[in-house]
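Everything below concerns the one structure shown next.
Letters A, B, ... are given to chains in the order of the sequence lines, protein chains preceding strands, and every chain is numbered from 1.
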Number of protein chains: 2
Amino acid sequence: MQDPAIEEVLQPLRESVKRQDEHVENLKKNGSTKDELVHALMSLKLKKKALKNKVCFWLQVYPRVSRTFQEEELLRELEPFDRFKMEDLLKRRFFYDQSFSIYGGIAGLYDYGPVGCAMKANIIQLWRRHFILEDSMLEVDCSMLTPEAVLRASGHVERFCDYMVKDKKTDECFRADHLIKAHLEKKLQDGKVNENLKKEYEDLDGFTWQEMQAVIEKYGMKSPVTGNDLSEPLAFNLMFPTSIGPTGLVPGYLRPETAQGIFVNFKRLLQFNQGKLPFAAAQIGTGFRNEISPRQGLIRVREFTMAEVEHFVDPANKQHPKFKDVQFYEIPLFSACGQLSGGQVEVYQLKEAVSTGLINNETLGYYMARVHQFLLMVGVDPKKLRFRQHLSNEMAHYATDCWDAECHTSHGWIECVGIADRSCYDLLQHSKATGVKLVAEKHLATPKKVTGTRCVPDKRAIGMQYRGDAASVLKYLEAMSEEECTELADQLDKAGTVEVNCNGKCFNVTKEMCRMEPFSKIVHVEEFVPSVIEPSFGIGRIMYAVCEHSFRTRKDDEQRTYLALPAVVAPYKCSILPLSAHSEFQPFIQRLSTLLTELNVSHKIDDSGGSIGRRYARTDEIAIPFAITIDFDTLSFPHSATLRERDSMMQVRTPLDELPGIINALVCGTLSWEEILGKYPKFVQQESSRRENGA
Amino acid sequence: MQDPAIEEVLQPLRESVKRQDEHVENLKKNGSTKDELVHALMSLKLKKKALKNKVCFWLQVYPRVSRTFQEEELLRELEPFDRFKMEDLLKRRFFYDQSFSIYGGIAGLYDYGPVGCAMKANIIQLWRRHFILEDSMLEVDCSMLTPEAVLRASGHVERFCDYMVKDKKTDECFRADHLIKAHLEKKLQDGKVNENLKKEYEDLDGFTWQEMQAVIEKYGMKSPVTGNDLSEPLAFNLMFPTSIGPTGLVPGYLRPETAQGIFVNFKRLLQFNQGKLPFAAAQIGTGFRNEISPRQGLIRVREFTMAEVEHFVDPANKQHPKFKDVQFYEIPLFSACGQLSGGQVEVYQLKEAVSTGLINNETLGYYMARVHQFLLMVGVDPKKLRFRQHLSNEMAHYATDCWDAECHTSHGWIECVGIADRSCYDLLQHSKATGVKLVAEKHLATPKKVTGTRCVPDKRAIGMQYRGDAASVLKYLEAMSEEECTELADQLDKAGTVEVNCNGKCFNVTKEMCRMEPFSKIVHVEEFVPSVIEPSFGIGRIMYAVCEHSFRTRKDDEQRTYLALPAVVAPYKCSILPLSAHSEFQPFIQRLSTLLTELNVSHKIDDSGGSIGRRYARTDEIAIPFAITIDFDTLSFPHSATLRERDSMMQVRTPLDELPGIINALVCGTLSWEEILGKYPKFVQQESSRRENGA
């Protein structure tokens, strides 16, 4: 324990244990409530554990673990963060909490209370303004219930799975990759590390179930709960199944993402945009994933609000008309090469990153800048934000390039936004499944001659054979591409009959039903399947990261915690606090409340009996950035009140009628707190009386 | 056909057929597109059918059908409405359309396109402001996935059913009551009416399946599609089932209403409100109902946005602190007595309606006024709005009073908002199911002595018997009310053992496990289960009613239809139209767009090639209330542009830089169009050039 660098890290932890110990003693002496004491004791226990872990960690593990782990620890060192304390605040003030807890609760489901709900609505409102309004996107609102055929085409029915292993005796389920990761991480921490193991741990994303099974067997892994044997890894589809309609004949799922709703509406949206490309559609809505064993609070949930943009663009030209506005924007990138070679996050100018090909194209780059701006605006700490490029084994086979905006939290780096170039995969898949062309057109600078083969169906033969279904068979045959025609012709030559699949039904096509015919024509217009650039936001994860990044403890009082949320995101914009229950204060409170409502400024009146200091602490906890206090001086003419800022706790005295306008301007950002300090006289009395009241 | 009253109704229909006939001829002559011609022909066919129906109707049926039917027809007469034309507009401009239609579509699922989505978001935003912000409600956002136990307690698992009958050969399903209603309505229209039949038709709501079966048999009803025999009515639960987690052991449903999420959070919300009653919680979210055979567009859907308020109040005092603000508000009521005695809608002052007991209490009355205000604000026609009281057979057994805000549409009167006093039913049910007390406290003016019997469980005996479940059994026994204790004691005396149900499991309680003990205490505080007043809004239905009520046809051109939505609800607030593609217009368009975005005013630039008249028609169709036109005069200094109002089509010339502020003020309602007309010079040229361009 002689290393001064280590001591520097341990000292604050020791101090914290000591202070908490004293706090508990004080509570006991002063006869506090049972709840308060239990809280304080649990906090003490956790602090001691943190200290112990840190000591063990520095002694045994630090020099031997992987670089990423080091980096995470260093970040934690910079600003000690007590997750238990924050979660206690979020739960106690009902930002969010487990759903149905009076029924025992369901893992991975959360309800947002009044302040969490307002915070979420504010983030969504900002998103709508920053993305949809500023870039004239087409917002849609599609069904969550989705028939199976749609998700079969998108690949979700087949591939949207995680592997799980079951406890052979209790049937408890675990996610195989998480289980292996936790097991190997423990081994790493125990120092029993070798190169092989490290490799296995890093490649987990691309493992088949057989490979996972091999690792589980090799290390003799058991259920971490009971120690029982585990089953082989089974693929478990993460979609919630249901059936639509009374006959039970239409199997469906709850959508796992909102994107598919946009793709199946592509034709209507293109028409709405008068046939012009590029355009972006957007959707804010709920997605569902039946996680095997969700355990990380808001980070891994079964029902979540997403916001997705699908930007449709000519694959031959992925420039963005507004890229020039962001070309000098600087952005922290953790490239695939950097990850593989043990490199660091580096800050690039976007122009450079795109021109060197690090970021695949302008449109992708444009959105990365917009995402970065948005995340800072809602309160993500720029020091804890990076864009990590997907490694080739993480990326879907059809994707061209993919970057995750990751926020650093006490759970490590978590993906909050994924920005992917999905190429034309989804539109092609839906087109294949339905026989409906999902294409855009572009005018050719010089018309060109096109020759080829097309399929001419025999309407009569098909009509006689398939009656009600004839139309869809005809549509399918007529929509075939050049290659499909050639293939069909080949197969018909060989087998005489070919089975085709349209709208989920199978039909036999025979030689009599169609013939192939060469054609040649001059075209002025060319059809193409657009590429899609998709920024996809997990609103709950962003909220969680913002809460961690803005969680603060008052320097002089470790029990006083608060959230320093940006005003624009804060659940309420100001509180109105009468100094006492004096009835003469009422008309002033009412007048302020009415004026604030007219300006659409949300506010909270706290006329409960506590001391003003205690009430400031209460409104700080729920992140209210400004507080107006009505006191006895308010009653005399000209009427005035004090205005207090949450983070600095500074106060000024302002004329009463100016307050609603001031708050509105502060929230909109057209006025700064510094300007207020310059304009109005400072006020000290109330805040100082706080200490006397012991709040 | 001699009755002049009848002629007065038929004349406009005849005119309309004639005009459409001419329009079709013109299209044929001028070589219009195939789509246009098909639309026009379909419209002609429908107009002819409407005329024919009306003739048949007046000749044969009118004097004999029920009063309600007459009333509906009279309302239709007042303003002829062409539903086909409106639906064509809504579909063509993608307000909303069937989901997954490239896959053949799913009945009862709709996607909102850009304009519908914006309109819906605006209605929700207004709702949030009018209800949540103005009345300081606690907004929450709860899970849609709901475990079965919750919905069993609420009664949905057992009772949330409709009866369906199946075509015995094709298995097609029909809702039994709709089938019977349609069949009997047809009989009514055919004039084959008698008193018995009328009674059967009116009482359908309270029928058991046996009674329905008797009616079906009596009239020999068959499948309306195939004429095949029908099965007996089967109860079909309208909730979508799914299962939560990988083991399949947690059965769940998609919530059929958002209300239950609020009830299960009651304790947290009461705590958030610092224990004080009354308070209101609110939730905006999606509900799901697996309708048997949805056919009426947005009115009957399987997935829908609801907005619900649950106002918790002391059942002994249902006064509302803000009732005095609305006591003189006038509201159209169709009382239960009025309905039974063939009466009419009557307009009451709220004060009178509440004091005479017609409306059960102040809180119910207050919300009815707020709902009325809200519906008018979003564009419901006051002439087509009434509050209908539930008849006793419609009301849930626990409800005290219930009023539906109904809007008249071409589908008849439809329920858009239900305002019910649910008493303390839901809280009691969840309390019984979980053993968790869901109560509020009130301080008694004079403390009182309470004596009674309580159950003292034997922890050891229960612990030994039930181990892990012991806690919930203990909780159950301790939470029993006076009556429950007495009953349990009686049963134990008789049988020695009693089965109790806690958390969905059954346990046997024996005499050894508990004893009853008399007690007496002085109480200063009384616990009570709050009553709940619930206004529940169907956002999609309100949108649909608003669309019907604001659908207009230009007097001089029957092909030009538009939606006269209030500016606050309109999807975009203004359009920006350059008179031509002249490049010098670009900087002015960009400048306006930037300034409007800064003010958060949504707008749409239409720089497509069409004539200005055609583009006005296009922006009218999607309800844009104001249009700014940039023309050659804009280029000269001082820069100016024309501003056009949608409904009057009047235009003024205004300075360019004033426009964003003007639009914002017009949308917020702080400035009226009349004031604009008084302040700026009128402008006529462009609108008149419309006709020359033949748009």
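Note on A/Gln260, A/Lys120, A/His430, A/Arg93: by heavy-atom pairs under 4.5 Å with chain B, the leading option is A/His430. Contacts with chain A were tallied for B/Val301, B/Asp171, B/Val436; B/Val436 has the most, counting heavy-atom pairs under 4.5 Å. Interface remark: of the candidates A/Gly116, A/Pro147, A/Ser602, A/Pro147 forms the most heavy-atom pairs closer than 4.5 Å to chain B. Chain B forms more heavy-atom pairs under 4.5 Å with one residue of A/Cys173, A/Ala281, A/Ser136 than with any other, namely A/Cys173. Among B/Thr146, B/Ile132, B/Leu238, the residue with the largest count of heavy-atom pairs under 4.5 Å with chain A is B/Thr146. The residue among B/Cys117, B/Cys668, B/Ser143 with the most heavy atom pairs within less than 4.5 Å of chain A is B/Ser143. Among B/Ile284, B/Asn237, B/Ile292, the residue with the largest count of heavy-atom pairs under 4.5 Å with chain A is B/Ile292. Considering only heavy-atom pairs separated by less than 4.5 Å from chain B, the leading option among A/Met164, A/Glu134, A/Met144 is A/Met144. In terms of heavy-atom pairs under 4.5 angstrom with chain A, the leader among B/Leu109, B/Ile106, B/Val264, B/Leu145 is B/Leu145. Most heavy-atom pairs under 4.5 Å with chain B, from the set A/Gln271, A/Glu291, A/Gln98, A/Lys267: that is A/Gln98. By number of non-hydrogen pairs under 4.5 angstrom with chain B, the leading residue of A/Asn290, A/Thr597, A/Leu254, A/Leu138 is A/Asn290.
The backbone N or O of A/Gly261 sits less than 3.5 Å from a side-chain atom of A/Asn265, completing a donor-acceptor pair. Between the A/Asp135 side chain and the A/Phe131 main chain, no donor and acceptor come within less than 3.5 Å of each other. Between the side chain of A/Thr594 and the main chain of A/Gln590, a donor-acceptor pair closer than 3.5 Å is present. When atom types are taken as modelled, the side chain of B/Arg129 and the backbone of A/Glu598 share a donor-acceptor pair closer than 3.5 angstrom. In this structure a side-chain-to-backbone donor-acceptor pair under 3.5 Å is missing from B/Arg289 to B/Arg255.
Only the side chain of A/Tyr572 has a heavy atom closer than 4.5 Å to any heavy atom of chain B. Within the 4.5 angstrom heavy-atom criterion, no atom of A/Gln283 approaches chain B. Proximity to chain B is absent for every atom of A/Met137, based on heavy atoms less than 4.5 angstrom apart. The part of A/Phe288 that comes within reach of chain B is its side chain, from C-beta onward, which places non-hydrogen atoms under 4.5 angstrom from that chain. Only the side chain of A/Leu438 comes within less than 4.5 Å of a heavy atom of chain B; its backbone N, CA, C and O stay farther away. Proximity to chain B is absent for every atom of A/Ala282, based on heavy atoms less than 4.5 angstrom apart. Contacts of B/Gln125 with chain A are made by side-chain atoms alone, with heavy-atom separations under 4.5 Å and no backbone atom involved. Heavy-atom distances place both the backbone and the side chain of A/Arg302 under 4.5 Å from chain B. Only the side chain of A/Glu303 comes within contact range of chain B, with heavy atoms under 4.5 Å apart. Using a 4.5 Å cut-off between heavy atoms, A/Arg175 does not touch chain B at all.
Atoms CG and OG, on B/Asn273 and A/Ser608 in that order, are 11.0 Å from each other to the nearest 0.5 Å. Rounded to the nearest 0.5 angstrom, A/Phe94 CZ and B/Phe272 CZ are separated by 9.0 Å. From B/Ile539, atom CD1 reaches atom CE of B/Met119 across 10.5 Å, with rounding to the nearest 0.5 Å.
Using a cut-off of 4.0 Å between Lys/Arg side-chain N and Asp/Glu carboxylate O, B/Glu139 and B/Arg128 are scored as salt-bridged.
Residue B/Lys437 places its NZ atom among 12 or fewer non-hydrogen atoms of other residues, nucleotides or ligands, all under 6.0 Å distant.
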For residues 240-250 of chain B, please give each side-chain donor-acceptor pair under 3.5 Å, one per line with the distance, not counting sequence neighbours.
{"from": "B/Thr242", "atom 1": "OG1", "to": "A/Pro241", "atom 2": "O", "distance (Å)": "2.8"}
{"from": "B/Thr247", "atom 1": "OG1", "to": "B/Leu249", "atom 2": "N", "distance (Å)": "3.3"}

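Exactly one of B/Leu596, B/Val601, B/Asn600 qualifies for a side chain to side chain contact (heavy atoms under 4.5 Å, CB included) with A/Leu133. That residue is B/Asn600. Of the options B/Arg92, B/Arg615, B/Lys91, a salt bridge (Lys or Arg N to Asp or Glu O under 4.0 Å) to B/Glu621 is made by B/Arg92 and by none of the others.
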